[in-house]
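As structure tokens, the structure follows; a few thoughts come after it.
Every chain is numbered from 1, with letters handed out A, B, ... down the list of sequences.
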Amino acid sequence: MAEGATKPSNFIRTIIDEDLKKGKNDGRVVTRFPPEPNGYLHIGHAKSICLNFGLARDYKGKCHLRFDDTNPCKEDVEYEDSIQGDVKWLGFDWGENFFHASDYFLQLYEYAVDLIKQGKAYVCSLSADEMRAYRGTLKEPGKNSPYRDRSVEENLDLFERMKNGEFEEGSHVLRAKIDMASPNLNMRDPVIYRIRKEAHHRTGNQWVIYPMYDYTHCISDALERITHSICTLEFEDHRPLYDWVLDQLDVPCHPRQIEFARLNINYTVLSKRRLIELVEGGHVSGWDDPRMPTIVGFRRRGYTPASIRNFCDRVGVAKKDSCVDMGLLEFCVREDLDRSAPRAMGVLQPLKLVIDNYPEGQVEEFEVPCHPQDPAMGTRKIPFSREVYIEQDDFMEDPPKKFFRLGPGREVRLRYGYIVKCVDYVKDETTGEIKEVHCTYDPDTLGAAPQDGRKVKGIIHWVSAAHAVAGEVRLYDRLFVKEDPTGDKSVDYKTFLNPDSLQVLENCQLEPSLAGAAPESRFQFERLGYFCADIKDFKPERPVFNRTVTLRDTWAKIDKKDR
RNA sequence: UGGGGCGUAGCCAAGUGGUAAGGCACCGGAUUUUGAUUCCGGCAUUCCCAGGUUCGAACCCUGGCGCCCCAGCCA
């Protein structure tokens, strides 16, 4: 839980508290995170992970990791590896409790035989199209399948032959015999087994029939003695089926399914289907593109596990459809990085500043703190000389009164260095570009206020030109320009992709210590934001940093307001 | 009335009959060699609407309205 935050209270904890009070489940609390290994995890999954593992932690229970691998057509080990890596990176540990729904294929099969023997399941030989027609509609009841009354013996024989591979895909399915007139479509004799002649990534060619989600999930939960099976709202309609299956069978226990609202965040999309589309359509560089709301994307962007956990704690758990402000996520990273990231100076858009009265060839070394509030982070040395780079934005030819950086005749402090005064500047008259700024420095102002008591409010960052390391910095902005890119179903959400979501700056000037940064290490570049050494592309001879998030920028706000 | 769910501030969200927590955002103000951080202060006379019950209602009742989900041999 976040420092200072109130004790989490939500309807799921209330339910668990009540169950505990009633003595249910012998006081155990066991949850599970059940991803299908068919894609990468995104921040919506992080909410579920934090919820399930968080509950297990707080109630001294367990949280299982179980791959819901019942569809061999879509699943792969590649995804299993990335999912496990993501959950661990987020800081959670399933210990011994690592499972696969495919571990239960044999038991699931035996339970299905049991259902058939009880006359509660039958082999249906309708085609997919016919079955759809028989299902009825939202307002009209369905019709019984002509195969609904096959004898137990025939069903047993047919189901075994399905298992033995005697039939083609699509020719038969096993259905639960419930109620074709149910107003809940999930109860209209749902399919529980289908034929798929495809190798499964774990069981190979051992099976040609595969159980469906509704049938598999509840039994898997029961076999693992899960107490609270937490899923998202769209499964609420499936709960009667979840309960029905367990009620028919001799299973170890009957877990309680609880549904909560999935996470939505503005200016992005959070559905597996759309994320795949962005990757395959080349709109981003991959699943780990720092603009992606995937766990690997956030990681590469520079987000910390703690910041994502805090975010998930802060958004809460409820049943209301909601859309969380991206600003909250940004707040959470800044909060974490502010205390954990060492400071450094880097100039993104360099402008040369020459100190006319500083001795040519002289070099000083300033020993400066790595963190202004945390002495334990130590100090580092930064070289200073006659020519330095400053940010283009920190000089204005004709600055407004509220701008307290550099301008003709104005004074500013070079962070951790001297106060300099602008005496001249060089401008390309054809392009209007400022080529160079000339200053004089006040030698008495190193680590001290001016003798005469004059106030110099502005402080700017800089890097010694002769010692700077050139590097690449990637600036990221929101992926979509629209708050709710999928809100209007008649317009393709990709229409709202932000064309400026990535800006690559190839000629940044960084303080020398940054060349020694470890890939994936994070820094605050003073006055700019938090930056992370790219895990793939960073090289000491060519540093590459990704901007995680900017610092809060009050000036930008004032400036915008005044225009 | 096909069924299931949900409506508390700009965005999240507690609250479960005793007089609206908290966070983000926003607006002040203090400190600051990062226009950062930190710190203080402000920010719902009212809980989708309308009636009703009650000494007392966001919570209970009735009737509306609005939004989301469901017709895969996906999960």
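For A/T554 and B/rA36, the shortest distance from a side-chain N or O to OP1 or OP2 is below 4.0 Å. Proximity of A/T70 to the phosphate of B/rA75: a side-chain N or O atom is located under 4.0 Å from OP1 or OP2. Checking the phosphate oxygens (OP1, OP2) of B/rC73, no side-chain nitrogen or oxygen of A/S127 falls inside 4.0 Å. Residue A/R135 places at least one side-chain N or O under 4.0 Å from the OP1 or OP2 atom of B/rG72. Side-chain N/O atoms of A/R196 include one lying less than 4.0 angstrom from OP1 or OP2 on B/rC74.
Salt-bridge formation is not detected for the pair A/K421/A/D442: no Lys NZ or Arg NE/NH1/NH2 atom is positioned less than 4.0 Å from an Asp or Glu carboxylate oxygen. Classification of A/E511 and A/R380 as a salt-bridged pair holds, one side-chain N sitting under 4.0 Å from a carboxylate O. One finds a salt bridge joining A/K319 and A/E236 here, because a Lys/Arg side-chain nitrogen approaches an Asp/Glu carboxylate oxygen to under 4.0 Å. Between A/D562 and A/K401 there is no salt bridge, since no side-chain N of the basic residue sits under 4.0 Å from a carboxylate O of the acidic one.
Base pairing of B/rC43: no nucleotide in any strand meets the Watson-Crick or G-U wobble criterion (both distances under 3.5 Å). Within the shown strands, B/rG7 is the pairing partner of B/rC65 under the Watson-Crick or G-U definition, both distances less than 3.5 Å. The partner of B/rU16, taking Watson-Crick or G-U wobble pairs whose two distances both stay under 3.5 Å, does not exist in any strand shown. Using N1 to N3 plus N6-O4 or O6-N4 for Watson-Crick, or N1-O2 and O6-N3 for G-U wobble, each under 3.5 Å, B/rC73 pairs with nothing. Taking a pair to require two hydrogen-bonding distances under 3.5 Å in either a Watson-Crick or a G-U wobble arrangement, B/rU34 remains unpaired. Using the Watson-Crick or G-U wobble rule with both distances under 3.5 Å, B/rC60 pairs with B/rG52. Applying the Watson-Crick and G-U wobble criteria (two distances, each under 3.5 Å), B/rA21 pairs with nothing in any strand.
Contact annotation for A/R413: base contact, defined as any heavy-atom pair under 4.0 Å involving a base atom. Within the nucleic acid shown, A/R415 comes within 4.0 Å of at least one base atom, counting heavy atoms only. Across all strands shown, A/V173 has heavy atoms under 4.0 Å from base atoms, whether or not it also approaches the sugar-phosphate. At the heavy-atom level, A/F404 lies under 4.0 Å from base atoms of the strands shown. Among the heavy atoms of the strands lying under 4.0 Å from A/M212 are primed sugar atoms or P, OP1, OP2 only; no base atom is included. A/V456 comes within 4.0 angstrom of nothing in the nucleic acid, heavy atoms only. Within 4.0 Å of A/A128, counting heavy atoms only, lies at least one base atom of the nucleic acid. A/G447 comes within 4.0 angstrom of a nucleotide base, judged by non-hydrogen atoms across all strands. Contact annotation for A/P372: base contact, defined as any heavy-atom pair under 4.0 Å involving a base atom. Contact annotation for A/H461: no contact, since no heavy-atom pair falls under 4.0 Å across all strands. No engagement by A/A133 is indicated, since no non-hydrogen atom pair under 4.0 Å with the nucleic acid exists. At the heavy-atom level, A/N38 lies nowhere under 4.0 Å from the strands shown. If you check every strand for non-hydrogen atoms under 4.0 Å, A/Q524 touches a base. Using a 4.0 Å heavy-atom cutoff across all strands shown, A/F403 reaches at least one base atom of the nucleic acid.
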Under 3.5 Å, which protein N or O atoms sit close to an N or O of nucleotides 24-32 of chain B? Give each pair with its distance.
residue, atom, partner, partner atom, Å
B/rC26, OP1, A/K557, NZ, 3.0

Distances for protein N/O vs nucleotides 7-9 of chain B N/O pairs under 3.5 angstrom?
residue, atom, partner, partner atom, Å
B/rU8, OP2, A/K320, NZ, 2.5

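Atom-to-atom, CG of A/L126 to P of B/rC73 comes out at 11 Å; the value is rounded to the nearest Å. When the C1' atom of B/rG35 is taken as reference, atom CZ of A/R527 falls 8 Å away, rounded to whole Å. Remark: P of B/rC73 and OH of A/Y134 are 15 Å apart, rounded to the nearest angstrom. Here the C1' atom of nucleotide B/rU38 and the CG atom of A/D338 are 9 Å apart, to the nearest Å. Following rounding to the nearest Å, A/D321 (CG) and B/rC67 (C1') show an atom-to-atom distance of 8 Å. Between A/L241 atom CG and B/rC73 atom P there is a gap of 13 Å when expressed in whole angstrom units. The distance between atom CE of A/M345 and atom P of B/rU33, rounded to the nearest whole Å, is 16 Å. A/F235 places its CZ atom 15 Å from the P atom of B/rG72, with the value rounded to the nearest Å.
Put simply, CZ on A/F33 and OG on A/S48 are 5.0 Å apart, with the number rounded to the nearest 0.5 Å. Atom-to-atom distance recorded for A/T232:OG1 and A/K47:NZ is 9.5 Å, nearest 0.5 angstrom.
Side chain A/D237 to base B/rG3: a donor-acceptor pair is found below 3.5 Å. Between the side chain of A/Q373 and the base of B/rU38 there is no donor-acceptor pair of N/O atoms closer than 3.5 Å. Side chain A/R405 to base B/rG35: a donor-acceptor pair is found below 3.5 Å. Not a single donor-acceptor pair, N or O on each side, falls under 3.5 Å between the base of B/rU37 and the side chain of A/R339.
Checked by atom type, the side-chain pair A/S145/A/R150 shows no donor-acceptor distance below 3.5 Å. Side-chain N/O atoms of A/H100 and A/R202 include a donor and acceptor closer than 3.5 Å. Side chain to side chain, A/Y109 and A/E160 fail the donor-acceptor criterion of an N or O pair below 3.5 Å. Between A/H201 and A/E80, the side chains place a donor N or O and an acceptor N or O closer than 3.5 Å (distance only, hydrogens not considered).
When A/Y530, A/F531, A/F525 are each tested for a ring-ring contact (aromatic ring centres under 6.0 Å, His included) with A/F545, only one passes: A/F525.
With ring centers used as reference points, A/H200 lies under 6.0 Å from A/F105.
Both tests pass for A/R478 against the ring of A/Y267: distance under 6.0 Å to the centre and angle within 45° of the axis.
Per the stacking criterion (ring centres < 5.5 Å, plane angle < 30°), A/Y213 does not stack onto the base of B/rA75.
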**Study point:** Stepwise side chain to side chain donor-acceptor pair (under 3.5 Å) check, A/E130 with A/S127
**Key:** CA-CA 5 Å; A/E130 289 167 328; A/S127 70; 3.2 Å; yes
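Both A/D68 and A/K47 sit near RNA chain B, but only A/K47 has its closest nucleotide nearer the 5' end. With the nearest nucleotide of RNA chain B identified for both A/D553 and A/L138, A/L138 has the one nearer the 5' end.
Closest approach to the A/R194 side chain among B/rC73, B/rU34, B/rC12 is made by B/rC73 (side chain taken as heavy atoms from C-beta onward). The side chain of A/I459 has B/rU33 as its nearest neighbour among B/rU33, B/rA36, B/rA13.
For B/rG52, the base is anti relative to its sugar; the glycosidic angle deviates from 0 by more than 90°.
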